[in-house]
Amino acid sequence: MRNTAARNEVIVGIDPREQSVPALAWAVDEAVRRRLSLRLVMAVPPLPGGQHIDAPWRRTMLRVQGQDALAAAVATVRALHAEVPLTTELLDGMPSAVLCRMAEHARMIVVGSRRLTRPEELLSTASVAVPVSAQADCPVVVVREPEHAGERHPHLVVGVDGSESSTAAVEFAVEEAALHGAGLRAVWVWRRPVMPFGDETAGLEERRRILSETVAGWADKYPDVRITHDVLRGHPVEELALASVGALLVVVGRHGRGGYSGMRLGSVVHGLLHRAECPVITVPESRHG
C-alpha cells in the first residue's frame, strides 16, 4: 500500500437527507483504534438547471441544511466518544468529487449507503458510495449494515484473486484484523466456467498455492491474528456475500481508478456494496514511487 505517514484523518461523508449512525459509529471506533482525528465533511452540490431568480435563496437554504446536518453529526459523535479529535467542513461541489479530492490526505473515507438503484447511482447527485469507492486514492468504507460485533469469534473476510490490488487488500485486512482483535479469512472464489475445460484439480491446486503465497508472511508480522484461507467454487458476489454473514468486515481490492460514474468499479465490488451483510472496504491497488 502507499505511504500513509501524512494520512492522519478518517473522513466521513455526511448526507443531509439521511444521517447514517452506523457509519458515524464505525468511523469513531476506527479513529480511536488508529489514534487518528475525525473530519466530518458536508458537500453542497450545485443547483440543477442553471441559474434562476431564486438561486441565491435556494443556495442559502442548502447551506443551512448542511450546517444543521453537520451539527447533528457532531452531536452523535460526541455522544459516542467525547474525546475523539473532531473537525467539520462545509464545502461546495458534488459530494463524490469533493470526497475524492480529499482522499489524497485521508487514511480512509467512510460513507453510509442510501441503497440507491443502479440508475440512481449513475444519474443522481445522491450517488456517493459507488463513485467514491471507484475513484478515491485511499481505502473507502461503505457502512450499509453495522459490524457483527457480538460474534463469539470475530473475523474479517478478504477477497483474493492473485492481483496486485488483492495483495494490497490483504495487507490492509491483516492490519485491520489486528486492530479489531479478530481473525482473518482469505477467500478466493473460482467462478465455474460455462463449459468445463482443463484439469480442474490442477486449477484448484494452483489457486490454493497462489492464495497461500499471498497470505504467507503475515502470520509472522501479526502473530495474534489467526489467518485461514479457502478456495470456493461459485459466483464471487454470491460467495463473498455469504462469507460476510457474521463477519466484522469484507475487504476487497480495486483495480486502478474507475470512471466518473463508477462503472469501472468492477462487478464483484459493486455487487458486494449492495449485498454484503457487513461494512465493505475497497482498497485501491498499490502505486510505487
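This chain uses plain numbering: 1 for the first residue, then up along the sequence.
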Applied to residues 63-74, the salt bridge (Lys or Arg N to Asp or Glu O under 4.0 Å) test, sequence neighbours excluded, yields Arg63-Asp92

What pair of heavy atoms forms the shortest contact from [X] to [Y], and how long is it?
X      : Y      : result
Ser166 : Asp161 : OG-OD1, 3.2 Å
Leu184 : Ala173 : CD1-CB, 3.8 Å
Pro284 : Thr282 : CD-O, 3.9 Å
Pro139 : Ile281 : CB-CG2, 4.1 Å
Ala169 : Val251 : O-CG1, 3.6 Å
Ala182 : Val225 : O-CG1, 3.7 Å

Taking only residues two or more places apart in sequence or in another chain, which ones pass salt bridge (Lys or Arg N to Asp or Glu O under 4.0 Å) with Arg208?
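Result, salt bridge (Lys or Arg N to Asp or Glu O under 4.0 Å) vs Arg208: Glu205.
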
Under the salt bridge (Lys or Arg N to Asp or Glu O under 4.0 Å) test, residues paired with Glu89 that sit two or more places apart:
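Salt bridge (Lys or Arg N to Asp or Glu O under 4.0 Å) list for Glu89, sorted by chain: Arg39.
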
Taking the side chain as everything from C-beta on, heavy atoms only, tell me whether [X] gets closer than 4.5 Å to [Y].
X      : Y      : result
Ser37  : Leu86  : no
Trp188 : His229 : no
Val141 : Val280 : no
Leu249 : Trp26  : yes
Val252 : Val283 : no
Leu36  : Glu9   : no

Under 3.5 Å, is there a donor-acceptor pair between the Glu285 and Ser163 side chains?
no

Quiz question: by atom type and distance under 3.5 Å, do the side chains of Arg191 and His235 form a donor-acceptor pair?
yes

Counting only N and O atoms by type, is there a donor-acceptor contact under 3.5 Å from the side chain of Thr88 to the main-chain atoms of Leu40?
no

Donor-acceptor pair, side chain of Arg107 and main chain of Arg7, under 3.5 angstrom:
yes

Passing candidate, side-chain contact (heavy atoms from CB on, under 4.5 Å) with Val187, options Leu240, Val158, Leu211, Thr228
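Exactly one pass, corresponding to Leu240.
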
When you look at CD of Glu104, are more than 12 heavy atoms from neighbouring residues, nucleotides or ligands closer to it than 6.0 Å?
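No, not enclosed.
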
Taking NZ, NE, NH1 and NH2 as the nitrogens, is one of them in Glu176 or Arg34 under 4.0 Å from a carboxylate oxygen of the other?
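Here Glu176 pairs with Arg34 in a salt bridge, since their nearest N and O are under 4.0 Å apart.
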
